[in-house]
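One structure below.
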Amino acid sequence: MYTGPSKSPLLPDDFEESPSPDFPDGDGDQEEPNSDSQNDNNSDVGQQNSNEDTNWRNAKNFMSRFASGSSSNHKRAVSSYVKAHGGARNAAKSAIGGVRSTAGFGQFLTNSSSQGVRKTLSQYQIEYEGRTAKDILADLINHLAPVPITKEDSVARKALIRTMEILYEKIDDENKDISTLDKIDKDLLNEMIPIQIESYIYERIINDLGSRIETKSSSPSDALSKENEIKEYINSKVETTLKDKDFSQINFSGSMNKDVENLYKQCYKVMEDML
């Protein structure tokens with residue numbers, strides 16, 4: 001069960017730091033820190049940690065109430081979740097895997113639209129001759145979001161897999177080979193980027209708070225229904241926020257793309273404010 005960002009130190013609780021060998025008694029030329037200032041700093045850090053813990057408790061409580069049926073306000077649950085991340089800006093900034101995979105996916109669609117899918121796949125060193133479009137896209141997933149090591153990697157990969165499934169459904173035809181991917185153009189780019197973003201946002205919240213839905217729902221079908229409500233809500237907010245944007249004007253190059261991060265921030269902001 002996810003409990004929010006970990007604040008635990010890496011050192012064990014019983015660790016005691018030894019005095020410096022140069023100044024065994026703590027003496028030296030360094031000025032002693034002002035005790036009042038030090039106390040103030042500790043107080044500020046403690047207050048910040050307390051606020052973050054409270055925000056995560058709120059997020060979990062609102063999701064639990066929604067899952068159990070004591071509240072129908074899924075908007076409040078999602079809003080509290082964004083606030084628990086420190087607001088829309090911090091939620092977008094910490095969406096490292098989402099930004100990276102969305103930037104990579106956008107770059108693939110942009111390049112395929114402008115120079116052709118064959119040249120693009122060759123640049124990615126993905127074999128395409130005599131292979132099905134489905135197998136090619138599977139290799140592309142591994143290229144853009146390799147086998148995950150961290151939780152964030154896992155969320156990003158899940159989101160990209162879901163996006164690729166939708167892409168395949170949109171371009172699928174009787175050929176089912178590389179020629180199927182020739183359908184990638186600017187219009188498909190503009191359609192797919194919002195899908196990729198909402199897929200990540202949904203997978204992330206389910207990864208963090210999905211256990212609340214599983215444990216508090218009355219049945220598996222009820223849990224699935226609650227997840228679908230959240231998914232549809234996120235879909236609608238991302239779609240409305242990014243409506244009419246021309247993503248062909250965005251430079252997707254670079255793994256930590258600020259333009260892509262800003263897209264995430266806009267979407268998280270709408271959900272945070274429940275607009």
Side-chain angles (χ1 to χ4, degrees), residues 1-8 46-98 148 150-159 161-163 165-166 194-243 263-275:
M1 184 177 295
Y2 189 62
T3 57
S6 173
K7 299 296 187 300
S8 301
Q47 183 63 41
Q48 179 181 356
N49 290 345
S50 176
N51 290 339
E52 290 179 358
D53 290 342
T54 299
N55 286 339
W56 277 107
R57 281 199 299 272
N58 288 339
K60 289 182 284 186
N61 288 337
F62 280 121
M63 186 62 75
S64 294
R65 291 177 59 192
F66 167 66
S68 66
S70 62
S71 170
S72 61
N73 196 343
H74 56 273
K75 297 180 181 179
R76 186 68 177 273
V78 174
S79 173
S80 297
Y81 171 75
V82 177
K83 290 175 181 176
H85 274 287
R89 182 177 178 275
N90 286 335
K93 197 174 187 63
S94 62
I96 298 172
T150 66
K151 178 178 76 71
E152 177 66 14
D153 293 339
S154 178
V155 170
R157 183 176 171 87
K158 275 185 177 181
I161 289 173
R162 177 172 176 263
T163 303
E165 289 173 348
I166 296 174
I195 292 175
Q196 165 62 14
I197 292 175
E198 59 91 354
S199 294
Y200 172 83
I201 292 176
Y202 169 75
E203 291 293 347
R204 191 185 191 191
I205 192 173
I206 291 300
N207 185 276
D208 290 345
L209 297 181
S211 61
R212 296 286 160 167
I213 298 176
E214 293 174 4
T215 58
K216 300 297 182 180
S217 298
S218 59
S219 66
S221 60
D222 182 45
L224 183 60
S225 176
K226 293 294 194 304
E227 289 180 354
N228 283 335
E229 280 190 63
I230 293 174
K231 181 188 294 184
E232 290 173 4
Y233 172 67
I234 292 174
N235 289 358
S236 65
K237 291 305 172 185
V238 172
E239 183 178 345
T240 301
T241 303
L242 303 182
K243 184 180 180 181
L263 296 176
Y264 273 91
K265 183 174 71 173
Q266 293 175 45
C267 296
Y268 274 125
K269 183 61 176 174
V270 170
M271 292 178 227
E272 180 185 9
D273 294 341
M274 293 188 290
L275 296 177

Return the CZ to CD1 distance between Arg212 and Ile206, rounded to the nearest 0.5 Å.
13.5 Å

Run the side chain to side chain donor-acceptor pair (under 3.5 Å) test on Arg204 and Ser94 for me, step by step, so that the C-alpha distance in whole Å, both residues' side-chain angles and the decisive distance to 0.1 Å come before the verdict.
CA-CA 11 Å; Arg204 191 185 191 191; Ser94 62; 2.7 Å; yes

Testing the basics here: between Leu209 and Ala59, what is the closest heavy-atom pair and its distance to 0.1 Å?
CD1-O, 4.0 Å

Quick check for you: to the nearest 0.5 Å, what is the distance between Glu203 atom CD and Ile161 atom CD1?
9.0 Å

For Asp153 and Thr150, run side chain to side chain donor-acceptor pair (under 3.5 Å): C-alpha distance rounded to whole Å, both residues' side-chain angles, the deciding distance at 0.1 Å, then the answer.
CA-CA 5 Å; Asp153 293 339; Thr150 66; 3.1 Å; yes

Within a strict 4.5 Å, meaning less than it, do heavy atoms of the Tyr264 and Ile201 side chains meet?
yes

Check the pair Tyr200 / Lys158 against side chain to side chain contact (heavy atoms under 4.5 Å, CB included), numbers first and verdict last.
CA-CA 8 Å; Tyr200 172 83; Lys158 275 185 177 181; over 6 Å; no

For Gly97, is there any backbone N or O sitting under 3.5 Å from a side-chain donor or acceptor partner on Glu152?
yes

Rounded to the nearest 0.5 Å, what separation is found between the CD1 atom of Ile197 and the CG atom of Leu242?
5.0 Å

Does Glu239 reach the side chain of Pro194, with side-chain heavy atoms less than 4.5 Å apart?
no

In Å, rounded to the nearest 0.5 Å, how long is the span from OG of Ser211 to NZ of Lys60?
8.5 Å

I need the minimum non-hydrogen distance between Ser199 and Thr163, along with the two atoms involved.
OG-OG1, 3.5 Å

Is there side-chain contact between Ile234 and Ile205, with at least one heavy-atom pair below 4.5 Å?
yes

Show your reasoning for whether side chain to side chain contact (heavy atoms under 4.5 Å, CB included) applies to Lys243 and Thr240.
CA-CA 5 Å; Lys243 184 180 180 181; Thr240 301; 5.7 Å; no

After noting the C-alpha distance and the side-chain angles of Glu198 and Arg162, does the key distance pass the salt bridge (charged side-chain N to carboxylate O under 4.0 Å, His left out) rule?
CA-CA 10 Å; Glu198 59 91 354; Arg162 177 172 176 263; 3.2 Å; yes

Going through the distances and angles, do Thr241 and Gln266 end up as a side chain to side chain donor-acceptor pair (under 3.5 Å)?
CA-CA 7 Å; Thr241 303; Gln266 293 175 45; over 6 Å; no

Using the side-chain contact (heavy atoms from CB on, under 4.5 Å) criterion, which residues pair with Ser71? Sequence neighbours excluded.
Arg65, Asn73

Is there a donor-acceptor pair closer than 3.5 Å between any side-chain N or O of Ser80 and the backbone N or O of Ala77?
no

Evaluation steps, ring pair (Phe, Tyr, Trp, His ring centres under 6.0 Å), between Tyr81 and Phe62:
CA-CA 9 Å; Tyr81 171 75; Phe62 280 121; over 10 Å; no

Between Phe66 and Ile230, is a side chain to side chain contact (heavy atoms under 4.5 Å, CB included) present by the stated rule, with each step listed?
CA-CA 10 Å; Phe66 167 66; Ile230 293 174; 3.9 Å; yes

Sub-4.5 Å side-chain heavy-atom contact between Ile213 and Asp222
no

Arg76 and Met274: side chain to side chain contact (heavy atoms under 4.5 Å, CB included), yes or no, with the steps?
CA-CA 7 Å; Arg76 186 68 177 273; Met274 293 188 290; 4.1 Å; yes

State, to 0.1 Å, how close Ala156 and Gly98 come at their nearest heavy-atom pair, and which atoms those are.
CB-N, 4.2 Å

Could you grab the distance from atom NZ of Lys265 to atom NZ of Lys93, nearest 0.5 Å is fine?
9.5 Å

Identify the heavy atoms of Ala223 and Ser217 that sit nearest to each other, and give their distance.
CA-OG, 3.4 Å

Minimum heavy-atom distance between Ala88 and Val82, given as atom pair plus value:
N-CG1, 3.8 Å

With a sphere of 6.0 Å drawn around NZ of Lys237, does it hold more than 12 non-hydrogen atoms of other residues, nucleotides or ligands?
yes

Is the shortest side-chain heavy-atom distance between Asp273 and Ser79 below 4.5 Å?
no

Report yes if some heavy atom in the side chain of Trp56 is under 4.5 Å from a heavy atom in the side chain of His85; otherwise report no.
yes

